[in-house]
Amino acid sequence: FNNTMFLTGTPKGDPDSDEDEFGEEFDMDETRSRLSTLFHRVSEVCRAEFELIAHVFASPSTYKDANNSSSTASSTSPSNTPIPLADVTSTVPLQVARLLIQHIAKNTPIPLADVTSTVPLQVARLLIQRIISDPRSGLQARINDLLESLDKGGDFYMGSKKLDTFVVIHEKAAGLFMILKEGAEQNLIPRTAAGSGSGGNNTTAAAVSPATKRAVASLVQFLNSQEMALSNSQRRGYLNLELRLLHHECCAGFDRIGASMVLKKGDSRRYSIRSLRKSNKGVNDAASDAITDYRAPVMPLEKDNLKRMGFGCLLDGPLKPMVLRQPLIHATDSLMRARLMFGTTSGNTSQNSSGGNASSSGGGEGHHRNSTAGVILAIYSQMCTFYGEAYLIPIIESLAEMLDSSAPSTPPSLPYGEDAPPHEMGVNGNFWIAVERMHSAAKSFDRELWAEQRPGSARVWEILVGTGSTNSITMAKECRLRFFRDVEERGEAAILRALDTITAHIQWILVSGGESAGMTGIGTSRLLNNLKNHESGHGGPYSVPTGSALEASNSPAVQSLAYCLRAQFVHVQSALTPQSLSAFWTALSIRLYDKLITRLLQHYYVSNIGGVILSRDVEALRTVSMLAGTDHQHWDTLRELLTLYMTPPDALKSILVGPDGVDATSGKGLFGRAGQLQSLVFMSRRADYRVKSSNGWQKSGWAMKLLGGLGLPDPSERSINMAMFSAERH
């Protein structure tokens with residue numbers, strides 16, 4: 001094992017080898033082949049030495065049985081010569097020498113069988129310790145040389161190669177120690193020769209003494225400890241490098257699409273991959289006593305940069321499906337390597353052929369399980385932080401801030417033609433595509449990494465359950481819950497911002513556009529007259545004079561608003577789940593209702609012909625409001641209340657209290673279905689409810705007679721609490 005070039009391909013200490021040349025010369029397949037050859041040579045040497053040890057330290061009973069065996073035995077059988085005492089005493093370890101001295105001091109017979117059966121095991125232990133732990137040419141030293149040669153590269157590319165090398169070393173080491181344990185048990189346990197009729201030379205296990213059993217168990221435990229020492233030294237370096245490179249690969253995806261990051265916790269400097277490389281110059285150094293001492297910095301996407309991109313560039317950049325999926329691919333690769341390095345459940349226990357007890361490795365198994373759980377938890381926790389706090393959340397917050405919740409100051413030019421693109425109402429259609437992609441990304445994150453409902457997926461949930469670490473499972477669940485809670489809270493805030501924006505544009509179209517003098521479709525001269533009446537306190541778009549012709553089925557404002565809302569519904573439906581869509585559209589229906597009712601009861605008067613137009617408008621708005629959701633009772637009540645505007649004054653009482661009703665307390669008619677206050681306030685908005693006289697506007701005679709007959713005061717004479725008419729009260 002003295003040839004350094006056998007592993008690295010570069011002479012140790014060669015001053016002419018630089019980082020760039022090494023990076024170009026490195027070949028992972030060649031390194032894997034060299035490592036395989038190294039471990040194969042170690043295995044061959046140990047097997048040969050085990051056979052030699054068994055031959056040199058064969059027990060006297062073995063020789064006796066060999067002499068009595070068939071004459072056809074192989075000429076290579078151990079010769080019947082005494083064991084040279086000098087050779088034995090020179091190779092017996094201190095434990096065996098101490099045993100001999102104790103028996104001599106006590107003047108008790110020396111159990112030669114026990115001594116000769118345990119000596120080869122002790123010699124094998126010294127041999128293995130020398131092969132593995134020799135500071136210059138041992139297996140551990142050769143592996144360290146290889147890893148140090150990889151560190152000369154000093155970049156992330158060589159770091160990824162080092163990760164692969166860690167996995168190969170661990171895989172080969174596990175196979176080597178399995179062979180060593182089997183070889184020790186097969187070759188070093190005393191065996192008795194037994195001849196066969198065909199002239200073969202077979203052996204059978206001799207009776208094993210308690211001392212031999214203890215020695216065999218001790219040797220197996222020693223091999224376990226050597227394997228654990230070799231593996232743990234690599235695992236510490238592996239995990240820190242794994243977490244560093246995982247964070248780098250995730251952030252490198254942002255750099256490739258031109259997105260910038262900021263370092264959180266008080267440092268607002270913009271970060272790029274170049275500065276990240278400088279800060280992690282020693283990324284390949286595997287020097288750490290703690291197995292998880294690396295903590296990835298939180299570097300969220302810069303929101304100002306995201307907002308400058310606009311919706312279209314966001315969809316082609318950070319929200320592109322392949323870009324969203326790339327961090328998950330890196331994370332699943334990390335989980336796969338972690339499983340190869342740490343396994344899933346068990347430690348390295350074995351049951352030897354001599355009946356030795358392997359339970360002594362149970363403590364190692366528990367430590368091994370906790371290590372596996374800790375590694376998987378570290379990877380998953382880091383990914384939850386990156387994918388949530390550094391990736392999705394800044395995008396969601398930027399999307400919300402990109403929406404302008406205030407409507408334009410100039411009135412819209414109505415109506416919008418059905419053949420022209422509908423107004424966006426402040427919410428670009430790409431906003432809803434972005435929301436849908438982020439929702440899909442969150443589901444993919446859970447499906448690809450957590451994968452609770454995917455048996456055999458070898459993902460976080462399955463691995464942690466396999467380790468049996470309840471603490472790690474609990475902490476992983478908390479990370480998962482926090483990830484989804486944070487993403488959902490930001491998502492809800494963005495959707496509410498969109499709802500506010502649409503609501504503001506409803507007000508803009510319905511009020512600013514509906515009351516604008518530049519509208520066409522109902523008759524400009526009539527509308528100008530209505531607006532003049534409105535300025536005098538008695539008018540509005542539905543105060544249409546008697547005898548006016550109905551030029552359109554709906555007012556231009558409602559016609560345009562319904563057209564825009566139907567187009568908006570298509571985008572919302574594609575982005576939200578059925579449950580979220582129902583809640584969103586129900587909230588929009590309530591706000592639309594409240595905007596219309598507030599304007600109607602505070603600013604508009606309705607004539608008989610205006611009541612027909614208003615009824616058609618309400619039906620159009622009700623139809624678009626019922627595209628989703630189930631709670632739309634307020635529109636049904638409103639349709640009944642609108643009959644108050646299309647009914648002659650002498651028939652109003654029967655509508656209010658019912659045809660059989662005699663007073664206001666009968667509980668029939670509109671009083672029973674909509675309530676007294678609501679019915680009387682709506683009735684007070686009739687265009688003929690007040691008439692103009694020399695003393696100003698006064699209550700008409702039929703209104704005074706109707707209220708007197710019912711024994712009810714006029715609610716319009718005092719301030720009206722509009723909260724009583726909100727759709728939520730229905």
Side-chain angles (χ1 to χ4, degrees), residues 411 414 503-504 506-516 519 522 526-527 530-545 554-562 565 588-625 632-647 652 655-656 670 673-690 697 703 714-730:
L414 301 179
T503 302
I506 288 175
Q507 173 89 7
W508 176 62
I509 294 175
L510 197 62
V511 177
S512 299
E515 298 173 3
S516 173
M519 290 196 316
I522 299 182
R526 190 265 298 170
L527 189 55
N530 293 345
L531 292 176
K532 291 178 180 178
N533 291 336
H534 177 60
E535 292 174 358
S536 63
H538 201 77
Y542 298 108
S543 181
V544 181
N554 297 108
S555 64
V558 171
Q559 179 184 347
S560 301
L561 180 58
L565 288 177
L588 184 65
S589 171
I590 291 175
R591 294 190 180 196
L592 175 59
Y593 175 91
D594 290 345
K595 291 291 182 183
L596 177 63
I597 295 305
T598 299
R599 202 67 186 172
L600 173 63
L601 298 184
Q602 290 185 338
H603 302 279
Y604 295 163
Y605 285 91
V606 184
S607 65
N608 291 112
I609 297 178
V612 176
I613 300 174
L614 177 59
S615 178
R616 293 175 179 176
D617 286 351
V618 168
E619 185 62 30
L621 296 178
R622 174 180 175 273
T623 300
V624 75
S625 296
H632 302 293
Q633 183 183 358
H634 45 279
W635 290 106
D636 298 330
T637 304
L638 177 60
R639 287 199 302 175
E640 294 194 50
L641 289 170
L642 294 182
T643 59
L644 293 172
Y645 304 125
M646 297 176 285
T647 304
L652 286 175
I655 293 178
L656 292 173
L670 278 179
R673 295 189 297 272
Q676 291 183 7
L677 176 63
Q678 287 81 353
S679 300
L680 294 179
V681 170
F682 269 87
M683 186 182 69
S684 68
R685 307 310 296 179
R686 285 177 59 108
D688 58 352
Y689 189 80
R690 286 179 173 83
W697 292 96
D714 184 3
S716 63
E717 293 180 349
R718 57 182 182 272
S719 177
I720 299 175
N721 181 11
M722 292 306 302
M724 299 294 295
F725 300 88
S726 173
E728 294 183 357
R729 292 185 58 86
H730 294 275

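Since this is a predicted model, take the numbers as computed values, not measurements. The figures here come from the full heavy-atom set of this structure, side chains too, leaving out hydrogens, waters and symmetry mates.
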### Task
Could you check Asp617 against Tyr542 for side-chain contact (heavy atoms from CB on, under 4.5 Å), going step by step and ending with a plain yes or no?
CA-CA 11 Å; Asp617 286 351; Tyr542 298 108; 2.5 Å; yes
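- Here the closest non-hydrogen pair linking Pro715 and Leu680 is CG-CB, 3.6 Å.
- The two residues Pro545 and Ile609 have their closest heavy-atom pair at O-CD1, 3.6 Å.
- Here the closest heavy-atom approach between residue Val618 and residue Arg639 is recorded as CG1-CG, 4.2 Å.
- Contacts of Arg622 classified as salt bridge (charged side-chain N to carboxylate O under 4.0 Å, His left out), with partners at least two apart in sequence or in another chain: Glu619, Asp636.
- Remark: side-chain polar atoms of Thr647 are not paired, donor with acceptor, to backbone N or O of Leu652 under 3.5 angstrom.
- One distance of note links OG of Ser560 with CG of Leu414; it measures 4.5 Å at 0.5 Å rounding.
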#### Entry: Audit row: Gln676, Leu656, side-chain contact (heavy atoms from CB on, under 4.5 Å) steps and yes/no
CA-CA 8 Å; Gln676 291 183 7; Leu656 292 173; over 6 Å; no
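- Rounding to the nearest 0.5 angstrom, the gap separating the CE atom in Met724 from the CG atom in Leu677 is 5.5 Å.
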### Query
When you look at Val612 and Val544, which way does the side-chain contact (heavy atoms from CB on, under 4.5 Å) test go after all the steps?
CA-CA 10 Å; Val612 176; Val544 181; over 6 Å; no
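- Minimum interatomic distance between Tyr593 and Ser726 (heavy atoms only, all atoms of both residues): CE2-C, 4.4 Å.
- Looking at residues two or more places apart in sequence or on another chain, you find a side chain to side chain contact (heavy atoms under 4.5 Å, CB included) between Ser716 and Ser684, Tyr689, Arg690, Asp714.
- Counting only N and O atoms by type, the side chains of Ser589 and His632 include a donor and acceptor under 3.5 Å apart.
- The heavy-atom pair separating Pro411 from Trp508 by the smallest distance is CA-NE1, 3.9 Å.
- Looking only at distances, no side-chain donor or acceptor of Asn554 sits under 3.5 Å from a matching main-chain atom of Ile613.
- For Arg673, the salt bridge (charged side-chain N to carboxylate O under 4.0 Å, His left out) test picks out Glu640, with sequence neighbours left out.
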### Task
Kindly indicate, with the supporting measurements, whether the criterion side-chain contact (heavy atoms from CB on, under 4.5 Å) is fulfilled by Tyr604 and Arg599.
CA-CA 7 Å; Tyr604 295 163; Arg599 202 67 186 172; 3.3 Å; yes
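- Taking each heavy atom of Ser679 and Leu644 in turn, the nearest pair found is O-CD1, 3.4 Å.
- Side-chain N or O atoms of Tyr645 include one that pairs as donor or acceptor with a backbone N or O of Phe682 at under 3.5 Å.
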